[in-house]
Protein chains: 2
Amino acid sequence: MGIRERKEREKTERRQAILMAAQRLFNEQGFEKVSMRNIAETIEYSPATIYLYFKNKNELLFALQSQAFGQLARSFESVFAIEHPAKQLEAVGHKYLEFAFQHPELFELMFVMNGPMQAVEARGETTPWASGRAAFERVVQVMQHGIDAGVFTRTDNAETAALMAWSQVHGLATLYLRKRMMIFPEDRRQAIMEEVMALFAQVLQHGL
Amino acid sequence: MGIRERKEREKTERRQAILMAAQRLFNEQGFEKVSMRNIAETIEYSPATIYLYFKNKNELLFALQSQAFGQLARSFESVFAIEHPAKQLEAVGHKYLEFAFQHPELFELMFVMNGPMQAVEARGETTPWASGRAAFERVVQVMQHGIDAGVFTRTDNAETAALMAWSQVHGLATLYLRKRMMIFPEDRRQAIMEEVMALFAQVLQHGL
DNA sequence: ATCATAATGTGAACGCTGTTCATTATATTT
DNA sequence: AAATATAATGAACAGCGTTCACATTATGAT
């Protein structure tokens with residue numbers, strides 16, 4: 001009897017439907033419109049029903065965040081075709097920025113919102129933050145490649161160097177997305193960001 | 001008749017009392033507890049009364065944010081005593097991190113929350129974001145000093161270079177405060193951040 | 001001192017939020 | 001067909017920002 005299997009399959013299908021509805025709300029309406037009631041409405045369920053599939057909103061956001069980090073990590077994959085380590089690292093940085101600009105609301109979920117991380121904390125130390133770690137690991141990999149190739153010689157710690165590069169680009173992205181670039185004229189913001197990216201690439205080579 | 005003056009003074013005093021109450025709530029209870037109702041309760045007023053002194057919550061947050069940026073800018077002042085440009089810049093970075101760690105909730109208000117920036121947007125293009133600009137200007141000043149002294153030679157654009165340095169430290173601070181350092185073991189996080197800061201200082205000198 | 005006017009403060013309400021729980025409806029098993 | 005297990009829901013709670021008709025208090029003019 002495949003009833004048990006069908007039930008399970010249907011259950012995960014409904015779970016996925018909830019996640020997709022939430023993702024759509026994120027992308028189309030912004031994170032502020034992602035309420036349990038709005039999600040419920042788009043899948044034509046009662047708000048209470050969602051709680052049969054997710055313990056609470058934080059867990060739902062966590063699941064969504066994990067998916068989003070998967071997307072980001074996948075978007076990094078193409079850069080492994082590039083050989084020159086410095087160019088490769090630069091490409092990762094631009095992929096990161098591209099993702100941030102194309103999915104600002106998902107980016108917010110991944111790096112700004114409290115909800116998903118509270119879910120991680122609530123789960124205790126048993127389950128680490130796997131999706132975030134996996135995405136970061138790709139950058140570490142790129143950095144290690146540069147160290148092994150003898151292009152980056154000032155450190156042998158790929159993790160620290162990767163975090164430095166990540167922080168640089170992440171800082172730029174968040175300052176922009178959180179509207180803190182308002183100190184610059186609107187028509188100059190894009191150009192300034194590109195200048196910063198170019199300057200950082202140069203600094204990595206020769207210093208400032 | 002100094003009645004007019006007294007009235008005005010009393011009005012600004014009450015406005016200030018509201019801001020102080022809000023600031024206290026920020027620092028002691030966290031940004032989530034800063035509700036109009038909680039602010040009203042701590043100054044023993046009705047929630048509706050606050051709207052006689054601030055158009056809405058966003059404007060209140062904006063006023064608070066401006067004060068906080070003033071604090072940050074003031075905390076930068078001591079570094080101007082340092083002569084060597086690289087050391088000076090490094091000191092600014094550490095002051096920034098120090099501020100972020102000592103006032104995480106204010107930092108959130110300054111760099112993460114939407115409210116205050118929505119107030120800026122609502123005011124239209126007439127009033128720029130002065131408090132943020134002023135704080136950034138100090139970093140530009142430090143960077144310009146380094147360029148003029150011939151220590152930083154790879155660019156003559158102090159603003160771009162300042163934004164690069166700001167982004168680097170800001171990215172590190174936000175990743176930490178937004179709990180995205182969870183990919184590292186808890187007891188290693190502090191050390192890793194210091195390693196990144198040290199590495200960046202080194203990279204500014206010689207590249208990676 | 002009395003009265004009109006201006007300034008200041010408030011209670012109650014609206015629609016929104018996440019979440020819980022007793023109840024109802026549906027599907028499966030006996 | 002009856003009993004049981006699964007799935008879904010309506011209603012409620014306490015919180016949120018905000019508005020507005022109303023009440024209170026302080027000022028100015030007579």
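Here is the naming used below: chain letters follow the sequence lines, and residue numbers restart at 1 for every chain. Since we're looking at a predicted model, the values are computed, not measured.
The phosphate of dG9(C) has OP1 or OP2 within less than 4.0 Å of a side-chain N or O from Y53(B). Close to dT6(D), at under 4.0 Å from its OP1 or OP2, lies no side-chain N or O of K11(A).
If you take OH of Y45(B) and C1' of dT8(C), they are 9 Å apart, rounded to a whole angstrom. Regarding L60(B), its CG atom lies at a distance of 10 Å from the P atom of dG17(D), rounded to whole Å. The nearest whole Å value for the distance from the CD atom in E44(B) to the C1' atom in dG11(C) is 18 Å.
Looking at residues two or more places apart in sequence or on another chain, you find no ring pair (Phe, Tyr, Trp, His ring centres under 6.0 Å) involving F31(A). For E137(B), the side-chain hydrogen bond (donor to acceptor under 3.5 Å, both in side chains) partners at least two apart in sequence or on another chain are R133(B). Every residue meeting the ring pair (Phe, Tyr, Trp, His ring centres under 6.0 Å) condition with Y96(A), not counting sequence neighbours, appears here in chain and number order: F107(A), F111(A), W166(A). Take E90(A) and apply the side-chain hydrogen bond (donor to acceptor under 3.5 Å, both in side chains) test, not counting sequence neighbours, and it matches no residue. In this structure A198(A) satisfies the side-chain contact (heavy atoms from CB on, under 4.5 Å) test with no other residue, sequence neighbours excluded. Residues that satisfy the salt bridge (Lys or Arg N to Asp or Glu O under 4.0 Å) test with R37(B), not counting sequence neighbours, are absent from this structure.
Note on residues 65-76 of chain A: pairs passing side chain to side chain donor-acceptor pair (under 3.5 Å), not counting sequence neighbours, are Q65(A)-W129(A). Contacts classified as side chain to side chain donor-acceptor pair (under 3.5 Å) and involving residues 48-57 of chain A (residues at least two apart or in different chains) are given here: R14(A)-Y53(A). Residues in residues 163-186 of chain B take part in these salt bridge (Lys or Arg N to Asp or Glu O under 4.0 Å) pairs, two or more places apart or across chains: E121(A)-K179(B), E108(B)-R178(B).
For residues 12-25 of chain B, proximity to DNA chain D is found at no residue, defined as any non-hydrogen atom under 4.0 angstrom from a strand atom. Residues from residues 114-122 of chain B with heavy atoms under 4.0 angstrom of DNA chain D: there are none.
Between the side chains of E105(A) and N27(A), no donor N or O sits under 3.5 Å from an acceptor N or O.
Within the 4.5 Å cutoff, the side chain of M193(A) has heavy atoms near those of the M181(A) side chain.
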What string of B, S and - do you get for nucleotides 15-27 of chain C, 5' to 3', when a contact is any protein heavy atom under 4.0 Å?
-> --BBBBB------

